[in-house]
Asks: 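Here it is, the structure in full.
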Amino acid sequence: LVHSANLSDDPDIKNVMKKFVKENLKNDSYIIDSNCKELCKPGGFTTFTNIFLIPLILSADLSIKNICCGTILGASCLSNGIKYYPQFNPERQNRWIRFYNHIGINMFSPISGCSELITAKIVTENSLSDKVLFCESNKGKPCYKCTKCLRKILELKIYGFKHDFNSFNEDFIKNFLME
């Protein structure tokens with residue numbers, strides 16, 4: 001089951017994930033478009049609760065046994081992005097992961113041992129730089145107004161992604177870097 005937000009009515013944007021999954025996953029898969037990211041405050045901020053609610057509801061009907069997510073090493077093992085959190089210790093794991101495991105659904109991330117720089121390398125080496133959806137503020141395209149856009153584009157640039165930084169507000173970049 002691949003869970004995605006309904007980012008746009010534009011077929012080129014909306015079908016990026018569907019096309020990639022169809023071309024690259026050999027096993028049965030389902031892609032669920034939902035608006036759960038719009039239901040949270042602040043909008044677009046995702047949590048285990050709202051991302052995995054739909055797979056939980058559908059798990060019996062579709063015989064889902066595994067839920068794959070894209071949580072990287074920092075998100076897996078850092079509490080609030082600062083302090084180490086023993087995510088791989090079964091007794092200390094995130095309570096939602098423990099809940100799903102308890103009811104027989106395996107939640108895992110194949111990139112949980114990778115840093116953002118490693119995932120940026122994987123993305124660029126597989127020519128996916130223009131397909132990765134990392135900012136959800138502009139219907140799946142970078143907004144060029146947030147620190148996540150700046151960080152992700154800098155990470156991709158290290159591995160050869162060509163980007164003109166004039167799309168960012170110069171004052172925003174200066175303020176962010178001086179903080």
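Since the structure is predicted, the reported quantities are computational estimates derived from the model, not experimental observations. Positions are given from 1 along the sequence. Scope of the values below: all heavy atoms of this structure, side chains included, with no hydrogens, waters or symmetry mates.
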Asks: What are the two closest non-hydrogen atoms of L150 and F176, and how far apart are they?
Replies: CD2-CD2, 3.4 Å

Asks: If every non-hydrogen atom of C149 is compared with every non-hydrogen atom of C143, which pair is closest and at what distance?
Replies: SG-N, 3.3 Å

Asks: Go through the steps to decide whether V123 and Y159 satisfy the test side-chain contact (heavy atoms from CB on, under 4.5 Å), and finish with yes or no.
Replies: CA-CA 9 Å; V123 165; Y159 298 106; over 6 Å; no

Asks: Does a salt bridge link E116 with K152, judged by any charged N lying under 4.0 Å from a carboxylate O?
Replies: yes

Asks: Can you find a pair of side-chain heavy atoms, one from Y144 and one from I153, that are under 4.5 Å apart?
Replies: yes

Asks: Ignoring hydrogens, what is the shortest heavy-atom contact between L156 and A120? Give both atom names and the distance.
Replies: CD2-O, 3.9 Å

Asks: Can you check side-chain contact (heavy atoms from CB on, under 4.5 Å) on N66 and I105, steps first, answer last?
Replies: CA-CA 6 Å; N66 300 297; I105 298 174; over 6 Å; no

Asks: Looking at OG1 of T147 and CG of L177, how far apart are the two atoms once the value is rounded to the nearest 0.5 Å?
Replies: 10.5 Å

Asks: Can you measure from OG1 (T119) to CG (L128) and round to the nearest 0.5 angstrom?
Replies: 11.5 Å

Asks: State yes or no: do I158 and F168 share one hydrophobic cluster built from I, L, V, M, F, W and Y residues joined by side-chain heavy-atom distances below 4.5 Å, directly or via other members?
Replies: no

Asks: In Å and rounded to the nearest 0.5 Å, what is the CD1 to CD1 distance from I118 to I111?
Replies: 10.0 Å

Asks: Out of curiosity, L117 CG to R151 CZ, how far, rounded to the nearest 0.5 Å?
Replies: 10.0 Å

Asks: Got more than 12 heavy atoms from elsewhere within 6.0 Å of NZ, K121?
Replies: no

Asks: Given 3.5 Å as the limit, does a donor-acceptor pair link the side chain of N89 with the main chain of E91, or not?
Replies: yes

Asks: State, to 0.1 Å, how close Y100 and M107 come at their nearest heavy-atom pair, and which atoms those are.
Replies: CD1-SD, 3.2 Å

Asks: Please determine whether ring-ring contact (aromatic ring centres under 6.0 Å, His included) holds for the pair F165 and H163, giving the CA-CA distance in whole Å, both sets of side-chain angles, and the decisive distance to 0.1 Å.
Replies: CA-CA 6 Å; F165 284 90; H163 181 77; 5.3 Å; yes

